[in-house]
Amino acid sequence: MPELPEVETVRRGLDRLIVGRKIRTVLVRESPNSFPNAIADVENFVLNASVMAVGRRGKMLLIDLSSGYTLMTHLRMTGQLVFVGYERFGAGHPSNSLVGRLPDKSTRVAIEFSDDTHLYFNDQRRFGFMKLTPTAEVLNDSFMRRVGPEPLEGTFTAEDFIGRMRRRNNTSVKAAILDQSVLAGVGNIYADEALWAARIHPATRVRNVSDAQLADLLAEIKAVLTLSIDKGGSTNRNYVNAEGKKGSYMDFARVFRRQNQPCLRHPDVLIEKIRVAGRGTHICPVCQVEVIE
DNA sequence: CACTTGACCTGTCCGC
DNA sequence: TGCGGACAGGTCAAGT
């Protein structure tokens, strides 16, 4: 599921909902990925610790605890982090809502806070993980060492982006912007959206994209990520925020999952779905023409 | 080294 | 209904 806007939406929700709460119990369901740490570490460094801050780097969530440890959490394709407070007992919450049904069969980790509220890590496909790392060693994590700049930070310039893209001159421009070491946070949805906006065919080799086009592409990446954060992210299938609610960006999507619907620039032309870089890819065949040298 | 492909899992959808 | 296959928001380990 989650790309930068979805992970940032979850982060903002958790920042509001769990900071300051103290962990009373942690239940880990058998899973190859969640909590590979020794149980003793969980008991020593998670139980009775309080949540100090919730950060994000690319698609990685960083839940800092008062014990000096961080819960590094990656949602991968279908992960969810949902806080359940007291509302499940209150009026106005339909019993069939996700919040009302948690935990469920895809719950991998259940954290109970000392005030009887809960945080559930749900993950249908079990690609995601939650792992305990000393906060001082978070930056040594292999993902953290390799991940590229945050696209929405002002210090990330077009020159930086062009330089990083040029190292991937021989691959498709879509594969390049999906590469988290080039820049952080772009996934399949926003790659397609930004490439349509910049009028670049996703299969075009980077070497055949001009510097001016790359600068334009970065501007469109920033614009689409910003818009999506504003809409609470995209719910294509499973994504929900920290309150179990869906995002609305898909109502604004211009190409993603709009195959066989008209291009917003060319009402007579239908969006096509093709395969690029091993991923389902949506294009307007008129706006986006592959440049082959 | 750069680049591509398959694997990791579970669930859903589509065609027969 | 049932069954097989393709596909799904990400990343990494192998392969070429």
Side-chain angles (χ1 to χ4, degrees), chain A residues 1-11 29-34 36 56-61 72-81 98 104-109 121-131 141-148 163-195 202-208 221 224-225 228-229 231-241 246-253 255-260 273-282:
Chain A
M1 67 172 206
E3 307 180 29
L4 188 153
E6 291 74 36
V7 179
E8 176 60 17
T9 301
V10 171
R11 188 201 69 74
R29 186 166 293 172
E30 185 176 2
S31 161
N33 291 332
S34 297
R56 176 188 64 75
R57 185 71 175 86
K59 302 172 191 172
M60 184 82 78
L61 279 163
M72 299 185 71
T73 304
H74 201 303
L75 304 176
R76 291 283 177 95
M77 297 284 263
T78 55
Q80 304 171 328
L81 272 176
L98 176 61
D104 65 18
K105 69 176 182 176
S106 65
T107 301
R108 313 256 75 93
V109 179
F121 175 50
N122 264 32
D123 187 11
Q124 179 184 95
R125 290 174 74 178
R126 303 203 284 174
F127 291 165
F129 61 83
M130 211 179 218
K131 67 177 178 181
D141 172 86
S142 63
F143 176 92
M144 296 293 284
R145 290 164 70 111
R146 295 182 42 200
V147 68
R164 287 169 171 276
M165 290 291 280
R166 291 297 173 210
R167 293 183 216 163
R168 305 295 311 276
N169 249 344
N170 255 343
T171 194
S172 66
V173 62
K174 177 161 178 177
I177 61 174
L178 288 175
D179 183 342
Q180 301 298 296
S181 72
V182 171
L183 81 169
V186 174
N188 206 36
I189 296 175
Y190 305 110
D192 284 5
E193 293 289 290
L195 287 163
T204 307
R205 303 285 112 177
V206 174
R207 68 172 121 77
N208 292 323
I221 288 171
V224 73
L225 295 178
S228 184
I229 290 171
K231 301 302 177 189
S234 298
T235 296
N236 180 17
R237 290 192 149 78
N238 298 282
Y239 168 74
V240 293
N241 66 15
K246 297 178 178 182
S248 67
Y249 177 83
M250 289 301 288
D251 295 340
F252 302 84
V255 286
F256 192 81
R257 272 200 137 192
R258 290 195 65 246
Q259 61 268 30
N260 303 319
K273 186 170 183 182
I274 61 176
R275 190 155 278 268
V276 176
R279 314 294 300 276
T281 298
H282 309 76

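Residue numbers begin at 1 in each chain, while the letters A, B, ... track the order of the sequences. As the structure is a prediction and not an experimental result, all values here were calculated from the model.
We find that NZ of Lys131(A) is positioned 12 Å from C1' of dC12(C), with the value rounded to whole Å. To the nearest angstrom, C1' of dT11(C) lies 16 Å from CZ of Arg57(A). Arg76(A) has its CZ atom 15 Å from the P atom of dT10(B), to the nearest Å. One can place CG of Leu178(A) at 14 Å from P of dC3(B), the figure rounded to the nearest angstrom. For the pair Asn122(A) CG and dT10(B) C1', the interatomic distance rounds to 13 Å; values are reported in whole Å. Nucleotide dA8(C) holds its P atom 9 Å from the CD atom of Gln259(A), rounded to whole Å. Going from atom CG of Leu183(A) over to atom C1' of dT11(C) covers 16 Å, rounded to whole Å. We find that CD1 of Ile177(A) is positioned 15 Å from C1' of dG10(C), with the value rounded to whole Å.
Looking at heavy-atom distances under 4.0 Å, Asn236(A) makes contact with a base. Phe129(A) comes within 4.0 angstrom of no nucleic acid atom, judged by non-hydrogen atoms across all strands. When heavy atoms are screened at a 4.0 angstrom cut-off, Arg275(A) is found touching the sugar-phosphate backbone but no base atom.
A close approach under 4.0 Å does not occur between any side-chain nitrogen or oxygen of Thr171(A) and OP1 or OP2 of dA2(B). In terms of phosphate contacts, Gln180(A) brings a side-chain nitrogen or oxygen within less than 4.0 Å of OP1 or OP2 of dT11(C). Note on Arg168(A): a side-chain N or O is less than 4.0 Å away from OP1 or OP2 of dC3(B). Phosphate proximity of dC3(B) to Arg205(A): absent, as no side-chain N or O sits under 4.0 Å from OP1 or OP2. Contact annotation: Arg126(A) side-chain N/O to dT10(B) OP1/OP2 distance is under 4.0 Å. The phosphate of dT11(C) (OP1 or OP2) has a side-chain N or O of His74(A) nearer than 4.0 angstrom. For the OP1/OP2 pair of dT10(B) and a distance below 4.0 Å, the side-chain nitrogens and oxygens of Lys105(A) include no atom meeting the criterion. In this structure, Lys174(A) does not reach the dC3(B) phosphate: none of its side-chain N or O atoms is under 4.0 Å from OP1 or OP2.
Qualifying salt bridge (Lys or Arg N to Asp or Glu O under 4.0 Å) partners for Arg57(A), counting only residues two or more places apart in sequence or in other chains: Glu150(A).
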Report task. Test salt bridge (charged side-chain N to carboxylate O under 4.0 Å, His left out) on Arg279(A) and Asp192(A) and set out the steps. Result -> CA-CA 10 Å; Arg279(A) 314 294 300 276; Asp192(A) 284 5; over 6 Å; no

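Counting only Watson-Crick and G-U wobble pairs whose two distances sit under 3.5 Å, DNA chain C takes part in these stems of three or more pairs: B:2-8 with C:10-16, B:10-16 with C:2-8.
A 4.5 Å side-chain heavy-atom check between Arg168(A) and Asp179(A) finds at least one atom pair inside the cut-off. No side-chain heavy atom of Phe252(A) sits under 4.5 Å from any side-chain heavy atom of Ser228(A).
Here the closest non-hydrogen pair linking Pro202(A) and Val276(A) is O-CG1, 3.8 Å.
In terms of polar N and O atoms assigned as donor or acceptor, the side chain of Arg125(A) comes within less than 3.5 Å of the base of dA8(C) in a complementary pairing.
Checking Phe143(A) against Gly278(A), the closest nucleotide of DNA chain C that is more toward the 5' end is the one next to Gly278(A).
For the pair Lys246(A) and Tyr239(A), the cation-pi test (distance below 6.0 Å, angle within 45°) is failed.
Phe127(A) does not qualify as a stacking partner of the dC9(B) base, lacking a centre-to-centre distance under 5.5 Å together with planes within 30°.
Nucleotides dC9(B) and dA13(C), compared at atom P, are 15 Å apart to the nearest Å.
For the pair Asp123(A) and Arg76(A), the salt-bridge criterion is not met [side-chain N within less than 4.0 Å of a carboxylate O].
Relative ring orientation between His74(A) and Phe129(A) is described as tilted, the plane-to-plane angle lying within the 30° to 60° band.
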